[in-house]
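These notes are about the structure you will find just below.
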There are 2 protein chains.
Amino acid sequence: MAIHQQLLQQKLSEKGLKATPQRIAILDAIYTLNNHPTAEQITDFVRAAHPTISIGTIYKTLDTFVKKNVIHKVSTPDEVMRYDGILTPHHHLYHTDSNVITDYVNEELDELLKTFFEKHAIEGYEINSVKLNIYGNSNEHPK
Amino acid sequence: MAIHQQLLQQKLSEKGLKATPQRIAILDAIYTLNNHPTAEQITDFVRAAHPTISIGTIYKTLDTFVKKNVIHKVSTPDEVMRYDGILTPHHHLYHTDSNVITDYVNEELDELLKTFFEKHAIEGYEINSVKLNIYGNSNEHPK
DNA sequence: GTCTCTGCAAACGTTTTGCAAGTAG
DNA sequence: CTACTTGCAAAACGTTTGCAGAGAC
């Protein structure tokens, strides 16, 4: 278990959730896998330590976590849901070629957007949050 | 048929696609329904004129259209794919309460974003496009 | 002891597939 | 005429559900 169990247990109790071994393992999986894992990736990870955990439990637990605001659900261009353990506001970089999603945080950008939408209110619409989806590719190893 | 058939036919031929009645009807449906219809909504619309069209055909056709860049596929917070006949760049307003998605176009915003990302290149990453997801609700009829 | 959670298996809705027959170019 | 498209049915896929037994508090 990569993250100290007490911390995970505490996190669950804080939200009024029973700290079962399965839940601790699932939360650990999300934090350890870190990069927006799918339910399947979480299952694979958790099964290493809990071979008998069922998919139903995984989904129910993830659902509970989302409802209790322990994690977020992220929709992706392909039709699989992903889960995100990072709750501070951030944008997403979609790596089109590798299907990887990384986080993008930039306060200056957020400030810019905030100012823009204060000046340009959308008629009849109240903005709750603004998230950028940035599509592109790694250019680390150009051909 | 809401949109003149010749135009639809032409649009298909341009992309090297055979202009079958089914394809014309599906394209018409997307343009007529207009606001990011689901495959189901498209099917319902098309069945009014083509009662025997099969769901398989709808999906295959939509897929072909996306591949040939006749339409775009839009992923949504709930797990249904939607299709978009408007190919000019635009952002999306997610109406959380009603599940409606409307378009948001603002050149000043796009200019702002372009300038921002020119100044703040993301290391190792080449941006292809930037799309805003704006979440919120209508405040037209406040309680 | 109570109330919630787990595991299992069945069901669900959406999307994909394989194939034979049909049709646009 | 030929290659692509259609319709159909079956199946794949990710996810949800119901229920009986197990476990956290």
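- Nucleic acid contact class of B/Thr52 (heavy atoms, under 4.0 Å, all strands): sugar-phosphate only.
- Regarding A/Leu12, its CG atom lies at a distance of 11 Å from the P atom of C/dC5, rounded to whole Å.
- Separating the CD atom of B/Gln22 from the P atom of D/dC4 is a distance of 17 Å, rounded to the nearest angstrom.
- Note on ring orientation: taking the six-membered ring where Trp is involved, the planes of B/His36 and B/His90 are tilted (angle from 30° to 60°).
- Atom P of nucleotide D/dA12 and atom CD of A/Glu40 are separated by 16 Å, given to the nearest angstrom.
- Taking 3.5 Å as the limit, the base of C/dC5 and the side chain of A/Lys60 contain no donor-acceptor pair of atoms between them.
- Distance from the side chain of A/Lys18 is smallest for D/dG23 among the nucleotides D/dG23, C/dT6, D/dA3.
- Between B/His92 and B/Tyr94, the ring planes lie perpendicular to each other; the angle is over 60°, past the 30° to 60° tilted range.
- Going from atom NZ of B/Lys15 over to atom P of D/dC4 covers 19 Å, rounded to whole Å.
- Spacing between atom CD of A/Glu14 and atom P of D/dC25 amounts to 14 Å, rounded to whole angstrom units.
- If you check every strand for non-hydrogen atoms under 4.0 Å, B/Thr20 touches sugar and phosphate atoms only.
- Atom CD of B/Glu118 has more than 12 neighbouring heavy atoms from other residues, nucleotides or ligands inside a 6.0 Å radius.
- One can place NE2 of B/His50 at 11 Å from P of D/dT6, the figure rounded to the nearest angstrom.
- One atom, CD1 of B/Ile53, and another, P of D/dC8, lie 10 Å apart when rounded to the nearest Å.
- Contacts of B/Thr61 with the nucleic acid, taken as non-hydrogen atoms under 4.0 Å apart, involve only primed sugar atoms and P, OP1 or OP2.
- Ring geometry for B/Phe117 versus A/Tyr104: interplanar angle of 30 to 60°, hence tilted.
- Rounding to whole angstrom units, NZ of residue B/Lys73 and C1' of C/dT15 are separated by 8 Å.
- The nucleotide whose nearest atom lies closest to any side-chain atom of B/Tyr59 is, among D/dT5, C/dT14, D/dG7, C/dT14.
- Between A/Asp63 and A/Lys67 there is a salt bridge, with a side-chain nitrogen of the basic residue lying less than 4.0 Å from a carboxylate oxygen of the acidic one.
- Between A/Thr57 and B/Val80, it is A/Thr57 whose nearest contact on DNA chain C lies nearer the 5' terminus.
- DNA chain D is contacted by both B/Leu17 and B/Ile55; B/Leu17 maps to the nucleotide lying nearer its 5′ end (nearest heavy atom per residue).
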